[in-house]
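Here is the structure we will look at, set down as structure tokens.
Note that this is a predicted model, so its numbers are computed, not measured. Protein chains get the first letters and strands the later ones, always in sequence-line order, with residue 1 at the start of each. Atoms considered below: every heavy atom in the structure, side chains included; atoms not considered: hydrogens, waters and symmetry mates.
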Amino acid sequence: MGNGVNREGDSSSSSGSSTVTPAQARESKYQRIDSCDARGQAHQNTAHPVLPGRRCFVTVGATAGFTALLSEVSTPGFLRCLAEHGYTFLDVQCGPDFALFHERISNLSDEEKSGISVRYFAYTADMQEYILGCRGEENVRPAGCVISHGGTGTVGEVLAVGAPLIVVANPTLMDNHQLELARSLEEQNQAIHGHIGTLAFAIQRMAVRISEGTLDALPPYSPPPFPVAAADRFTLFDWMVLTCYPEELAAQVHLADLRMAEVEFAHQQQQQQALNGNGPTVATSDQGNNSLPQLD
Amino acid sequence: MERLAALQEYLREEARYDLGRDDFAVLFTLGLFGTLTVSVIGFFYLRWSQITAIICVFIGFLRWRHVSIKREQYPPQRGRRWISDDGNTSVPDTSRLPAVYFFYVLGSGGHTTEMLDIIRQKFRPQTNQHRRYLVTIGDQDSLNRVARLEVLIHNACPNDTHGTLDSFQVPRARRVHQPFWTAPFTCVLTAFYCINALTREPEVRPRTRHGKQFKYPHVIVTNGPATGFVVCAVAHMLKIFYLVPDNRLKMVYVESWARSRTLSLTGRLFWWTNIADMFCVQHDELARRTKGAVYLPAPALRGSG
């Protein structure tokens, strides 16, 4: 996989070369657009449009610092690993440890950076812009990844956008509670649980996941609708307001009961109809199958 | 953009705290000092048995009030039904009520994001609603995010259906990494500011038009931060001493969805003291482990499927 990266000049001719494997072709498709605009333009006309390199966004959250993660991210080994997997950009939100990260990055030589362009800042008001940069979109950009601390704020934002996510728990916080979230996300297959010291392995796992799934070619992002659909709305809080007005609450509870009864009655009637109309064979199957013959 | 800047400015103005103008917090403080003075004097003039008797009566009163407030509370089974009532979109209808007044406690960072997610998920356009946001002093980031959510709300809801809003600032109950033994002192400081935030009438809902309907918040919604527990403890004390009617200041605690197996410290405090009217957790597993908890599916996890 690393071959394609070392031959920087060959990126535009990769699809024409007979010796490259499909994996190499895919990798080399995603690199070095910042240094080869003119060739990139020429390449647009062929079958594969040239996409920018993958983008990695590291964030430690707004409240507490996470020195261990920042130190790991600024090692030459990690940057080399990123380059090997087709990444060309690294954005880092450093939080309170901005000075430390600045020092570590300035001490790296260009060679140690492996050609990755690093941007870093303490805080940003608009995280979503950076997270969107890591979300793969068909013919716009390949999927990168977000490396995040295990805070619900960041993790929630990333999951809502649908960008690939590596969660690293920050062990210095109260009861080490981020570990719990990181583990449960890994179990539910929504994120990769990364560990300090072996982040390169997490990047590798993410590369496998990206190459197996459709993360590189998602449809364009559209923000969720607001106000949310009536069926998805949390009604608990409105009920709680009603508990301040007992008479109104009683009336509304009664209404809700009536409506439930209505729905149940309709449901029963539908079942009865299906039973009468389609004979005993349909009646033994479940509700979902019952409605199918009626639709046809 | 203009609207965003205007809202940010408005929130910043609103959030300024001014103790001298407020009568309630001053009254409460005077009452507290009065009680202290009387008890110090009483300590010299009364016998031990009498002091013990007075303390017992006082504790008994607190206990009795606590129980009688709890008796009016709705059981968690009710809450579970209210949550699982999907598809039944026409109830509950709160648009005919004289006032709907929510009090949101915003923590910092992740707590704020979660709370704003919940607000987004529960919002319903109606003219009779007022929202008050409680932020901690110096938490400019939360105020900015509230302003952005409010712009979203204002753009989505024409004709005044977005309701009104204001905000208050209090000192933080416990800073991240602050040692636990100092936390009670900062909590007391926070508590005094909270009395003010809970009892000051919103100026955008003047009494001349709305009467006393907007005097106290109906529902306090809080998640993780320690400030949330302080606010709820203060609200409960106000109810115990008959300073606020029992049918106001209902408390909803929503455990952070970071917690899938164990309760957080604030969660445990709420669970032990049992002051929240509805105790929600956002993981199925934790809901099964915790007695009296209601499972509220997390908006963030729901969105990704």
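Comparing Val100(B), Val221(B), Val294(B), Leu296(B) by heavy-atom pairs within less than 4.5 Å of chain A, the highest count is held by Leu296(B). The most heavy-atom pairs under 4.5 Å with chain A, out of Met251(B), Lys122(B), Lys250(B), His111(B), come from Lys122(B).
Residues Gly79(B) and Leu236(A) approach most closely at O-CD1, 4.0 Å, considering heavy atoms. Contact detail for Arg78(B) and Val253(A): the closest heavy-atom pair is NH2-CG2, 4.0 Å. Closest approach of Gln252(A) and Pro92(B) over heavy atoms only: OE1-CA, 3.3 Å.
Judged as a side chain to side chain donor-acceptor pair (under 3.5 Å), the pairs with a partner in residues 140-152 of chain B (not counting sequence neighbours) are, in order, Gln8(B)-Asn144(B), Thr112(B)-Ser142(B), Thr113(B)-Arg145(B), Arg131(B)-Glu150(B), Tyr133(B)-Glu150(B), Asp139(B)-Ser142(B), Asp141(B)-Arg145(B).
Only the side chain of Phe102(B) comes within less than 4.5 Å of a heavy atom in chain A; its backbone stays farther off. Of the atoms belonging to Gln188(A), it is side-chain heavy atoms, and not backbone ones, that fall under 4.5 Å from chain B. Of the atoms belonging to Tyr245(A), it is side-chain heavy atoms, and not backbone ones, that fall under 4.5 Å from chain B. Proximity to chain A (any heavy atom under 4.5 Å) is shown, for Ser260(B), by both the backbone and the side chain.
Cys157(B) pairs by the side-chain contact (heavy atoms from CB on, under 4.5 Å) definition with Phe123(B), Pro125(B), Ile153(B), Thr161(B), His162(B), not counting sequence neighbours. Qualifying side-chain contact (heavy atoms from CB on, under 4.5 Å) partners for Ser264(B), counting only residues two or more places apart in sequence or in other chains: Tyr253(B), Glu255(B), Arg259(B), Thr266(B).
The pair Glu285(B)-Arg183(A) does not meet the salt-bridge criterion, since no charged nitrogen lies less than 4.0 angstrom from a carboxylate oxygen.
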Would Val254(B) and Phe237(A) count as a side chain to side chain contact (heavy atoms under 4.5 Å, CB included) here? Give the steps. CA-CA 11 Å; Val254(B) 185; Phe237(A) 301 94; 4.3 Å; yes
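Ring pair Trp82(B)/Trp239(A) is parallel by interplanar angle, where below 30° counts as parallel and above 60° as perpendicular.
With contacts defined as side-chain heavy-atom distances shorter than 4.5 Å, the pair Leu97(B)/Val241(A) qualifies.
Residues of residues 95-103 of chain A never come closer than 4.5 Å to chain B when only heavy atoms are counted.
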